Amino acid sequence: MRPGIPFVKATACGNDFLLIAAKEAQGDRAGLARRICDRNFGVGADGVEYLETATDADVACRLFNADGSEAEISGNGTRCVAAHFIANQAAKRGGENAAVRIQTGAGVKVCVLVRRADPEFEFEVAMGAAEVKPEVEVLLDSGRVPGVPVSMGNPHVVVFLQEFPAGWQGMAQEIGRKLNFKQGVNVELVRVENESEISARFFERGVGETLSSGTGSCASAAAAVAAGRARWPVRVQTPGGMQMVRGEAGQIFLRGPARLVARGEFLGAAE
């Protein structure tokens, strides 16, 4: 039998990822991501973080979504990579850094360890600036809705609602399709609870519905603050748990958990 591909599964507020050393996946990484992320015939995950050596960071990662498309960054996936790095570092060296520098497709992100209680970790990540753009109008089959484009190094559009409608996933998918971003767009539907708390639902390009999103939480909070609907810091309640977002000196900081779930070998290498 051909050798399997070692992986570690990790999750951040229910947004789950498979961490694979790049040397173990030298061929078709997009195809491997599709196969291993399949929740019925593979291991199951929202995406794969392929881990590589880095010259100006502790580790580099390349993110492939469940459909095989490549994305710039995942805030939750980056925390999962940091948790894996710290766990391995402690095992190899008998110690650990308080911060991990991770090279992503959206630049180097610094993950500061706040709490550790194996297999659970908590980090605050400097996510860079949020670019909140002017509101756009999206013409849906059911009517017009306003959306706020936000860049967190990857594209988002935030739509504020009074309530989450039944079948909101179809609405979010239609918004993404009608906006017609060249590389796709992540859609966040947001309800403002009060000036310090919002609730969000996520429909991500290349994945679909996810229980949470790190960059989506940042984009949602930044859009709410820019619109005067909230003030820093902002608690973001998601179906997978709570994340905290704050802004300081033009920088967005994301705080939340990451948990190492399992290790294994993927044997289903053939499509």
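Please read these numbers as outputs of a predicted model, since none were measured by experiment. Values below: all heavy atoms of this structure, side chains included; hydrogens, waters and symmetry mates excluded. Along the sequence shown, residues are numbered consecutively beginning with 1.
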Run the side-chain donor-acceptor check on residues 163-173: report pairs under 3.5 Å with partners two or more places apart or on a different chain.
from : atom 1 : to   : atom 2 : distance (Å)
E163 : OE1    : R191 : NH1    : 3.1
Q169 : NE2    : E209 : OE1    : 3.1

Discussion item. Between R115 and E122, is the salt bridge (charged side-chain N to carboxylate O under 4.0 Å, His left out) condition met? List the steps.
Written reply: CA-CA 5 Å; R115 180 181 61 86; E122 185 173 356; 3.2 Å; yes
Practice prompt. Might you work through the side-chain contact (heavy atoms from CB on, under 4.5 Å) test for F253 and C218, ending with a clear yes or no?
Written response: CA-CA 8 Å; F253 295 86; C218 292; over 6 Å; no
Item to complete: Please lay out, stage by stage, how R205 and E188 fare under the test salt bridge (charged side-chain N to carboxylate O under 4.0 Å, His left out).
Response: CA-CA 11 Å; R205 57 178 182 164; E188 285 82 46; over 6 Å; no
Practice prompt. Begin from the C-alpha positions of E49 and I20 and carry the test side-chain contact (heavy atoms from CB on, under 4.5 Å) through to its verdict.
Written response: CA-CA 6 Å; E49 294 277 12; I20 298 176; over 6 Å; no
Practice prompt. Give the intermediate values and the outcome of salt bridge (charged side-chain N to carboxylate O under 4.0 Å, His left out) for residues E52 and K23.
Written response: CA-CA 8 Å; E52 304 174 333; K23 65 181 181 181; over 6 Å; no
Discussion item. Please determine whether side-chain contact (heavy atoms from CB on, under 4.5 Å) holds for the pair V225 and W232, giving the CA-CA distance in whole Å, both sets of side-chain angles, and the decisive distance to 0.1 Å.
Written reply: CA-CA 7 Å; V225 170; W232 301 121; 3.7 Å; yes
Practice prompt. With salt bridge (charged side-chain N to carboxylate O under 4.0 Å, His left out) as the test, would you mind laying out the steps for K9 and D16 before giving the verdict?
Written response: CA-CA 7 Å; K9 183 165 184 174; D16 54 346; 3.3 Å; yes
Discussion item. Would C37 and V43 count as a side-chain contact (heavy atoms from CB on, under 4.5 Å) here? Give the steps.
Written reply: CA-CA 6 Å; C37 289; V43 177; over 6 Å; no
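Other residues, nucleotides and ligands place no more than 12 heavy atoms under 6.0 Å from the CZ atom of R255. Under a cut-off of 6.0 angstrom, the local environment of CD in E137 is crowded, with over 12 non-hydrogen atoms contributed by other residues, nucleotides or ligands. Within a 6.0 Å sphere centred on CZ of R177, heavy atoms belonging to other residues, nucleotides or ligands number more than 12.
A cation-pi arrangement is absent between R79 and F123 under the rule of less than 6.0 angstrom and at most 45 degrees off the ring axis.
Taking CE from M244 and CZ from R235, the interatomic distance works out to 5.5 Å, rounded to the nearest 0.5 Å. Taken from CZ in F121 to CG in L260, the straight-line distance is 5.0 Å, to the nearest 0.5 Å. With rounding to the nearest 0.5 angstrom, the CG atom of L63 is 9.0 Å from the CD atom of E72. Between atom OG of residue S69 and atom CD of residue Q183 there is a gap of 9.0 Å, rounded to the nearest 0.5 Å. Taking OG1 of T238 as the reference point, atom CD of Q243 lies at 6.0 Å (rounded to 0.5 Å). Rounding to the nearest 0.5 Å places NZ of K109 at 5.5 Å from OG1 of T104.
With hydrophobic clusters built from ILVMFWY side chains whose heavy atoms lie under 4.5 angstrom apart, L254 shares a cluster with L113. Under the 4.5 Å side-chain heavy-atom criterion for grouping Ile, Leu, Val, Met, Phe, Trp and Tyr, L19 is connected to V59 within one hydrophobic cluster. A continuous path of ILVMFWY side-chain contacts below 4.5 Å connects V136 to L161, so both sit in one hydrophobic cluster. Under the 4.5 Å side-chain heavy-atom criterion for grouping Ile, Leu, Val, Met, Phe, Trp and Tyr, V148 is not connected to V159 through any hydrophobic cluster. Following chains of ILVMFWY side-chain contacts shorter than 4.5 Å, one cannot reach V81 starting from V207, and the two form parts of different hydrophobic clusters.
N76 and S74 share no donor-acceptor pair across their side chains, judged by distance under 3.5 Å alone. Between N186 and S213, the side chains place no donor N or O within less than 3.5 Å of an acceptor N or O (distance only, hydrogens not considered). Between R62 and Q103, the side chains place no donor N or O within less than 3.5 Å of an acceptor N or O (distance only, hydrogens not considered). One side chain, T215 or N154, offers a donor N or O that lies under 3.5 Å from an acceptor on the other. Checked by atom type, the side-chain pair E193/S199 shows a donor-acceptor distance below 3.5 Å.
Side chains of V261 and P119 form no contact here, defined as non-hydrogen atoms less than 4.5 Å apart. The shortest distance between side-chain heavy atoms of L140 and K178 falls below 4.5 Å. Side-chain contact between L32 and D28 is absent, with no heavy atoms from C-beta onward closer than 4.5 Å. Considering only heavy atoms from C-beta on, V157 stays 4.5 Å or farther from V150 through its side chain. Residues C13 and P257 form a side-chain contact, since some pair of their non-hydrogen atoms from C-beta on lies under 4.5 Å apart. Using a 4.5 Å heavy-atom cutoff, the side chains of D118 and E120 are not in contact. Contact check for D46 versus R39: side-chain heavy atoms found under the 4.5 Å cut-off. Residues P146 and F160 have side chains not in contact (no heavy-atom distance under 4.5 Å, counting atoms from C-beta outward).
Applying the ring pair (Phe, Tyr, Trp, His ring centres under 6.0 Å) test to every pair with at least one member in residues 62-84, sequence neighbours left out, gives these pairs: Y50-F64.
A pairwise comparison of heavy atoms in A200 and S220 identifies CB-OG, 4.4 Å as the closest pair. The two atoms that bring A33 and G68 nearest to each other are CB-CA, 4.5 Å, heavy atoms only. For the residue pair C61 and L51, the shortest heavy atom distance occurs at CB-CD2, 4.0 Å. Of all non-hydrogen atoms in A221 and V236, the two that sit nearest each other are CB-CG2, 4.4 Å. Here the shortest heavy-atom pairing between N15 and E204 reads ND2-OE1, 4.3 Å. Residues A66 and A45 approach most closely at CB-O, 3.8 Å, considering heavy atoms.
For the side-chain hydrogen bond (donor to acceptor under 3.5 Å, both in side chains) test, no residue two or more places apart in sequence or in another chain qualifies with T11.
Salt bridge annotation for R246-E124: present, with a cationic side-chain nitrogen under 4.0 angstrom from a carboxylate oxygen.
Judged by distance alone, with hydrogens and angles left aside, the side-chain atoms of D38 form a donor-acceptor pair with the main-chain N or O of N40 at under 3.5 Å.
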